[in-house]
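One structure is given here, and the rest of the page talks about it.
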Amino acid sequence: MLVRVASAACLLLSANAFAQNDGLISEESAATARELMERGLDSDIGYEVVRSLTTEVGPRLAGSEQEARARDWAVQMFTELGFENVRVEPFDMPYWNRGEIDLRIVEPFPQNLFATALGGSAATPQNGLEREIAFFDSFEDLRDAPDDGSLQDHIVYVNDRMISVQTGAGYGPANRKRQFAWLEAEARGAAGVIIRSVGTDSHRFPHTGMMSTPSARSVSVGSHSQIVIDYLESEHPDYETSNVRSSIPAVAVSAPDADQIERIHALGETLTVELSAVAGWRGVRQSGNVIAEIPGRELPDEIVLIGAHLDSWDEATGAVDDGAGVGIVTGAAQLIGQLPRAPRRTIRVVLFGAEEVGLLGAFAYARQNASDVGNIILASESDFGAGPVWSLTSGTSDEGTLFLDEVQSIIAPLGIIRGDRANNGGGPDIIPLAMQGVPVFRLTQDGTDYFDLHHTPDDTFDKIDPDDFAQNVAAWAAVVWLAADSDVEFRMQDE
Ligand SMILES: [Zn+2]
């Protein structure tokens, strides 16, 4: 990446020679965007923000004491960087934690396996479970299996693999087993469920992640609860959905351990495993969203909202998920805040709490700021690691689309193409806002390697490439500046 970023910096200078002033972007605003890009490629402030968060706070499980420390850290960080209107908006949430886990093969070839509990998993009985494995090649095989009592007293194992692609499109299909295997196993009387990790690495790190369990619908209707309710309505219409939680343990094994199970199964052997886990729900705790602003100079009530999530899974320091996003949006906004002249509109940075456990911070934000959602003229989140941005996608009015076409021509020297113009994806925590008609854009990152690290103990600061990171900051600074310094109507009419 070093070579490409260096050549991008040279291109920025030559691009100035071809600046046009007959479009929706003024020459002055475009010149500032180019200056921000150059500064972004040189600045290490965002990168240092990630270093500080991952070092001085560390893991940040939603609802934990560590996540509360992250909020204090964020308030201090924003204040020191000169942001205004820094505040925390707390909300209550159901708290789940992991605890210790042990998984071993008892028969036919005794040995230990590397496993972790999935978010929402129940504990095993105190002395653990020893059961035969019922092996399924895919989630669909389990979903379509007859309920004939054959899974009673077994531990279900689901093997399907995730495919690695730039867009991360392999995640959705592979993630079905993480979301719903517990439900299909439990409905057939199984005692537990084990899945091959949803990931693309071949290291001995299991990948955690939330099962789709509506943890407490009265507290917060997050996306996971809606996903499971939709799934139940289509697959199990007579299921009681008032408060669905897993009553069985659900764990993921690392890819090499999954390969081991697969090889033993292929020998025609019946596996027996022993599983012991203490995971479970532990009452209601507090989380919160941390907010900071750069007030607009002409249209302060109009808001360009950029976000990332502050929580992480507990097993690593959450560097690529989503410390990187925190550093990218903060670093970009900080560069804009350093300019001699503020943009016309306000830039609001939101660091969402409790994303991993069901977008609880995102839904809390939309609920607590319901009267203000109409003032958000454009929104996006950085939550796909620290790989280089390669595409600008958007879902806005026709005028907004033309404007973002011009924006892309300005950021093209960073190696960014114009992607889908009818895409309502702004990032996971933007979903509740997009559902209410808030226009979105996304700076799509190369996610080829993202799911090697995602939700594993290996998601640590050393994995972030400083040059790729700087390219992100440069792109975000330019796009956010241009949108905030415009008076373009991004919102679609008749909404
Ligand atoms: Zn994330």
Side-chain angles (χ1 to χ4, degrees), residues 46 49-50 53-54 57-64 66-67 70 74 93 96 116 118-120 162 167-172 174-175 178-179 197-200 205 207-212 222-224 227 287 289-290 306-330 349-365 379-387 389 425-434 440 442-461 463-464 469 472 476:
V49 164
V50 191
L53 175 62
T54 55
V57 180
R60 312 173 289 283
L61 180 67
S64 69
Q66 296 274 101
E67 198 202 22
M93 56 164 283
W96 176 90
T116 191
L118 296 176
M162 179 173 166
T167 59
Y171 184 57
N175 201 31
R178 194 185 88 202
Q179 292 174 309
S197 278
V198 180
T200 50
F205 296 113
H207 296 237
T208 191
M210 205 66 188
M211 298 147 66
S212 287
S223 71
H224 283 83
I227 288 166
S287 181
N289 300 317
V290 184
I306 58 175
H309 66 86
L310 191 56
D311 67 308
S312 76
W313 280 108
D314 48 329
E315 297 195 295
T317 57
V320 305
D321 188 14
D322 184 26
V326 170
I328 289 164
V329 297
T330 301
V349 182
V350 182
L351 303 184
F352 295 94
E355 187 269 353
E356 295 290 3
V357 296
L359 310 184
L360 302 185
F363 279 90
Y365 180 86
S380 185
E381 177 176 40
S382 176
D383 182 23
F384 199 51
V389 174
D429 287 305
I430 306 303
I431 290 170
L433 299 175
V440 299
R442 199 150 202 210
L443 286 163
T444 311
Q445 292 160 292
D446 186 330
T448 311
D449 302 331
Y450 180 61
F451 292 102
D452 290 356
L453 303 170
H454 184 249
H455 297 183
T456 72
D458 208 23
D459 178 5
T460 49
F461 182 64
K463 308 304 187 304
I464 296 179
F469 187 92
N472 274 267
W476 276 85

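Atoms within a ligand are numbered from 1 in the order they appear, just like the ligands themselves.
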Around the Zn ion (ligand 1), what protein N, O or S atoms are found below 2.8 Å? His309 NE2, Asp321 OD1, Asp383 OD1, Asp383 OD2

Value for CG (Asp449) from NZ (Lys463), rounded to nearest 0.5 Å, stands at 12.0 Å

Fit a plane to each ring of Tyr450 and His454, take the angle between them on a 0 to 90° scale, and name the class: parallel (under 30°), tilted (30 to 60°) or perpendicular (over 60°). tilted

What residues form a salt bridge (charged side-chain N to carboxylate O under 4.0 Å, His left out) with Asp446, not counting sequence neighbours? none

Which residues share a side chain to side chain donor-acceptor pair (under 3.5 Å) with Asn175, sequence neighbours left out: Arg178

Among all residues two or more places apart in sequence or in another chain, which pass the side chain to side chain donor-acceptor pair (under 3.5 Å) test with Asp311? His309

With a 3.5 Å cut-off and no angle check, do the side chains of Glu315 and Thr208 form a donor-acceptor pair? no

